[in-house]
2 protein chains.
Amino acid sequence: MTKTAFDKIKAGLDEAKAYLDGSANKRAYGIHVPPKVNVKKIRTRLGLSQESFAQTYGFALSAVRDWEQGRRQPERSARILLRVVEREPEAVKRALAKSA
Amino acid sequence: MTKTAFDKIKAGLDEAKAYLDGSANKRAYGIHVPPKVNVKKIRTRLGLSQESFAQTYGFALSAVRDWEQGRRQPERSARILLRVVEREPEAVKRALAKSA
DNA sequence: GATCATACTACGGCATTGCCGTAGTATGAT
DNA sequence: ATCATACTACGGCAATGCCGTAGTATGATC
């Protein structure tokens, strides 16, 4: 119970802080989630093997395989991430870097 | 057949280009995929409602709900993406922006 | 105090994917 | 010919994705 209370207070503070930072973004349209993604294309453009690609961006190797072989379709979150990897690969690396 | 041939050639060229660009990254360790992610925390820090959060970064609203309610655990790709959203939110927005 | 909108919780439910493992093939190097 | 690397192929279960509906909490407006 105290936990929930703290959580609420904390969330409130965080939210307030965010608003004060001016990062409260209302209109959020114009976003595009690709229904299809050419994983192999993205990977080869980066010059990486399936294994390196998986290792570098955190994917499970098995998933990369399934995607490239057309056995499975990357789901929404994966498609978004793949898009980010394609367009902002360095940002992804930074975000996943262990020590800042 | 011609198609595969072209694909191979193209892949080869892409790969070569990548190498020439110096983006051929061998050692790919030091990457960290968080086993747990506090979605609510990430979202509130950004000052967004569940709906805005979903809309802004491309998530399905239902997924965000399930994650925050502890009903489902975001899977690997989702966890990675959430991490990127947390640390490089602007990069994600850029990557998903429709026109350029 | 009643009403209304917004935001979140809660959950049923099926199809689909995640992810692990194993085995086979292609290719370039030694 | 042998060996290592890289990719294809697939069995298989547990788990999530995602859709929909309904109920609750809260602040605003009158």
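Keep in mind that the numbers below use all heavy atoms, side chains included, and drop hydrogens, waters and symmetry copies.
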Measure the distance from CD on A/Gln55 to P on C/dC19 and round it to the nearest whole Å.
14 Å

OP1 or OP2 of D/dC7 versus the side-chain N and O atoms of A/Arg43: is any pair under 4.0 Å?
yes

May I ask you to verify if any side-chain N or O of B/Gln50 is less than 4.0 angstrom from the OP1 or OP2 atom of C/dT6?
no

Atom of A/Gln73, atom of A/Pro35 and distance for their closest heavy-atom approach:
NE2-O, 4.4 Å

Approximate separation, where rounding is to 0.5 Å, of B/Ser77 OG and A/Leu82 CG
7.0 Å

Symbol by symbol from the 5' end, with Watson-Crick or G-U pairs under 3.5 Å, [ ] crossing and | another strand, DNA chain D is ||||||||||||||||||||||||||||||

Could you check A/Glu68 against A/Arg43 for salt bridge (charged side-chain N to carboxylate O under 4.0 Å, His left out), going step by step and ending with a plain yes or no?
CA-CA 10 Å; A/Glu68 291 200 9; A/Arg43 175 174 64 81; 2.5 Å; yes

Are any of B/Arg65's side-chain N or O atoms less than 4.0 Å away from OP1 or OP2 of D/dT21?
no

Please give me the minimum heavy-atom distance between A/Ile80 and B/Phe59, naming the atom from each residue.
CD1-N, 4.0 Å

Length of the CD-C1' vector between B/Glu51 and C/dT6, whole Å
9 Å

Select base, sugar-phosphate, or nothing to describe what B/Arg79 touches, counting heavy atoms under 4.0 Å on all strands.
nothing

Counting any heavy atom closer than 4.0 Å, what does B/Ser49 reach on the DNA or RNA strands: base, sugar-phosphate only, or nothing?
sugar-phosphate

Is there a donor and acceptor pair, one atom on the side chain of A/Arg72 and one on the base of D/dG11, closer than 3.5 Å?
no

List the atom of B/Ala95, the atom of A/Glu88, and the distance in Å for their closest heavy-atom pair.
CB-CG, 4.2 Å

Would you check, one step at a time, whether the test side chain to side chain contact (heavy atoms under 4.5 Å, CB included) holds for B/Val39 with B/Phe53?
CA-CA 10 Å; B/Val39 180; B/Phe53 183 70; 4.2 Å; yes

Among D/dC10, C/dT17, D/dC18, which is the nearest nucleotide to the side chain of A/Gln73?
C/dT17

Separation of D/dG20 C1' from B/Asp66 CG (nearest whole Å):
12 Å

Determine: side-chain N/O of B/Lys40 to OP1/OP2 of C/dT9, distance under 4.0 Å, yes or no.
yes

Which sits closer to the 5' end of DNA chain C, B/Gln69 or A/Ser62, going by the nucleotide each is nearest to?
B/Gln69

Within the structure shown, what part of the strands sits under 4.0 Å from B/Glu75 by heavy-atom distance: base, sugar-phosphate, or nothing?
sugar-phosphate

Respond yes when some side-chain nitrogen or oxygen of A/Trp67 is under 4.0 Å from OP1 or OP2 of C/dT17, and no when none is.
no

Can you tell me whether the side chain of A/Arg71 and the base of C/dG18 have a donor-acceptor pair closer than 3.5 Å?
no

Looking only at non-hydrogen atoms, find the nearest pair between B/Val37 and B/Ile42 and report the distance.
CG1-CD1, 3.5 Å

Describe the nucleic acid contact of B/Arg76 in one word from base, sugar-phosphate, nothing, applying a heavy-atom distance below 4.0 Å.
sugar-phosphate

